[in-house]
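What you see is a predicted model, and the numbers here were worked out from it, not measured in a lab. The chains referred to below are lettered A, B, ... by the order of the sequence lines, with proteins before strands, and numbering in each begins at 1.
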Number of protein chains: 2
Amino acid sequence: MTEAEYVSIWMRPERSAYGPKPVHSRAKITAAAVRIADAEGLEAATMRRIAAEIGAGVMSLYRYVPSREDLVELMADQVLGEIDVTAMPSGDWRTDLTRYAGGLRAMWLRHPWIATVQRSLPSFGPNQLLLVERLMGVLDALVPIDENLGLVALLNSHVESTVREEISTAREIHRSGLSESEWMARSYPYIDRLVKSGEYPIFTKIVTEARQPHLSREDQFRLGLKRVLDCIAAALPATAESPMSAH
Amino acid sequence: MTEAEYVSIWMRPERSAYGPKPVHSRAKITAAAVRIADAEGLEAATMRRIAAEIGAGVMSLYRYVPSREDLVELMADQVLGEIDVTAMPSGDWRTDLTRYAGGLRAMWLRHPWIATVQRSLPSFGPNQLLLVERLMGVLDALVPIDENLGLVALLNSHVESTVREEISTAREIHRSGLSESEWMARSYPYIDRLVKSGEYPIFTKIVTEARQPHLSREDQFRLGLKRVLDCIAAALPATAESPMSAH
DNA sequence: CCGAGACCGCGTACAAGGTACCCAGTGGAG
DNA sequence: CTCCACTGGGTACCTTGTACGCGGTCTCGG
């Protein structure tokens with residue numbers, strides 16, 4: 001792990017041409033890990049569990065992946081590849097970004113464990129790179145690169161934060177083993193005490209007046225996304241107005 | 001852990017009036033855990049380490065905290081309390097939100113480990129509640145509660161995403177044991193290969209043309225924040241224009 | 001004033017989990 | 001054919017969260 005021997009996981013060859021043919025592969029291991037993490041959470045994707053899933057010995061995995069951390073990085077890039085951006089610079093930026101946002105959200109909901117992985121810039125996996133090309137291609141002709149970076153970051157951060165909240169709620173519900181309504185009912189005594197105390201007027205207002213929390217997740221998402229897209233629209237030159245800007 | 005015996009950590013009394021006086025306290029334990037996590041990361045804040053820090057037996061901690069997970073929740077609420085919002089509904093929403101955003105970012109940078117804690121709605125700790133009151137009080141008179149929720153979420157998600165990236169980069173640098181420039185130099189071979197391949201024009205454009213990545217973290221943050229605040233301004237009724245809206 | 005019993009600190013013990021180390025077998029290079 | 005870098009994988013070690021139980025202590029009901 002010294003600096004001399006550091007190489008990004010993406011530059012490290014999977015195998016050399018020497019010796020016996022490997023029975024497994026990074027792709028197979030990654031896929032198995034993703035499958036387990038989807039079903040039971042990232043912490044369930046232990047090396048032993050993954051090995052069992054593909055019928056390998058535990059230590060065999062280390063022939064393909066330097067450490068569990070690197071495996072998680074592989075997993076993250078793999079699921080990024082699921083977002084369909086092949087048709088992306090279509091000419092209508094609003095449609096493109098809406099589709100991308102929906103795809104990103106759907107992917108996160110399919111793989112809730114990505115919320116717990118810390119990414120960092122230099123982990124430019126192949127799928128992430130492809131995504132960047134397509135996604136930033138959407139606004140590339142309309143704004144300078146710095147503006148593009150800022151606007152895309154705005155969109156990403158909104159989607160991610162929204163989904164992060166959806167996920168942690170769902171996770172909590174699942175862990176409790178209750179139904180959604182039972183789970184919400186469980187925290188009623190506490191919320192009731194807070195409201196009755198009279199010390200939290202705004203919190204009370206949210207609980208009693210706000211209608212947004214009672215919308216479906218999809219509608220909440222659509223509403224928030226609309227706001228962000230309007231915000232992006234305002235930052236674009238007037239000539240770039242999308243034909244769909246009226247809802 | 002059955003549903004019958006569930007009570008939120010915030011409703012669970014710290015101690016009863018019975019038996020010998022406890023030597024320690026939740027506050028002391030939480031503070032110690034935060035200190036360790038700040039210095040060495042959340043994963044370093046093990047029960048054994050915390051116990052050693054305050055000179056207690058490992059299992060003694062469980063007299064104060066039901067589990068490590070709950071302790072993390074306590075830690076999260078504690079650091080939320082560090083954001084100074086006491087002067088908050090000041091009448092100038094732009095100043096208030098700028099101050100809040102700066103405080104939130106500074107807090108995250110002081111306690112980078114919060115990026116790894118999953119929150120969920122029902123964990124309304126006392127400090128979080130206070131924060132919500134003050135923060136949402138800023139726009140309460142200007143917009144309906146649903147709009148307020150949306151705008152505050154927008155601000156929060158932007159700040160959090162930005163800081164999350166700062167943090168993961170810093171973490172990666174720290175883990176490598178290198179200086180920032182050495183660390184960046186380390187991924188140069190990979191980036192160079194990508195650029196030279198010619199397959200990633202936008203990525204190349206970012207690497208070669210974008211100036212934003214070369215700004216200081218503070219300037220990057222200021223720029224992004226300005227965009228979000230402008231976006232919020234656009235969503236407010238015209239009469240609510242802040243005196244500072246020109247920059 | 002005196003049990004009783006709830007609560008304290010904490011040592012012991014166990015079940016996971018990541019992974020270092022080692023060994024036997026394999027198959028391409030010379 | 002020989003060599004040896006490579007393979008799969010078993011064993012073992014260390015770290016972590018925490019269940020359990022023990023002996024001591026303090027408050028309260030009588």
B/Pro201: which residues meet the side chain to side chain contact (heavy atoms under 4.5 Å, CB included) condition with it, sequence neighbours left out? A/Glu133
Do nucleotides 20-25 of chain C as a string where each nucleotide becomes B, S or -: B if the base has a protein heavy atom under 4.0 Å, S if just the sugar-phosphate does, - if no protein is that close. BB---B
Side chain to side chain contact (heavy atoms under 4.5 Å, CB included) involving A/Ser197 - partner list, sequence neighbours excluded: A/Glu199, A/Tyr200
Axis-to-axis angle across the helix from C/dC1-D/dG30 to C/dG30-D/dC1, five pairs each end, nearest 10 degrees, ~ 10°
Distance-minimising heavy-atom pair for A/Ala51 and A/Leu61: N-CD1, 3.9 Å
Quick test of your reading: applying salt bridge (Lys or Arg N to Asp or Glu O under 4.0 Å), list the pairs with at least one residue in residues 99-116 of chain B, sequence neighbours left out, ordered by first then second residue. B/Glu82-B/Arg110, B/Arg105-B/Glu166, B/Arg105-B/Glu218
According to side chain to side chain donor-acceptor pair (under 3.5 Å), who are the partners of B/Glu69, at least two apart in sequence or on a separate chain? A/Arg175
May I ask you to say what B/Val23 touches in the nucleic acid, namely base, sugar-phosphate or nothing, with a heavy-atom cut-off under 4.0 Å? sugar-phosphate
Counting only non-hydrogen atoms, which of residues 41-51 of chain A are less than 4.0 Å from DNA chain C? A/Thr46, A/Met47, A/Arg48
Any residue meeting side chain to side chain contact (heavy atoms under 4.5 Å, CB included) with A/Arg49, in chain and number order, not counting sequence neighbours: A/Ile36, A/Glu40, A/Thr46, A/Glu53
Excluding sequence neighbours, so at least two apart, what forms side chain to side chain donor-acceptor pair (under 3.5 Å) with B/Asp70? B/Ser67
Across all chains, not counting sequence neighbours, the side chain to side chain contact (heavy atoms under 4.5 Å, CB included) partners of A/Ser179 are A/Ser181, A/Glu182
The ring-ring contact (aromatic ring centres under 6.0 Å, His included) partners of A/Phe203 (sequence neighbours excluded) come to B/Phe124
Which residues satisfy the side chain to side chain donor-acceptor pair (under 3.5 Å) test with B/Thr86, sequence neighbours excluded? B/Asp84
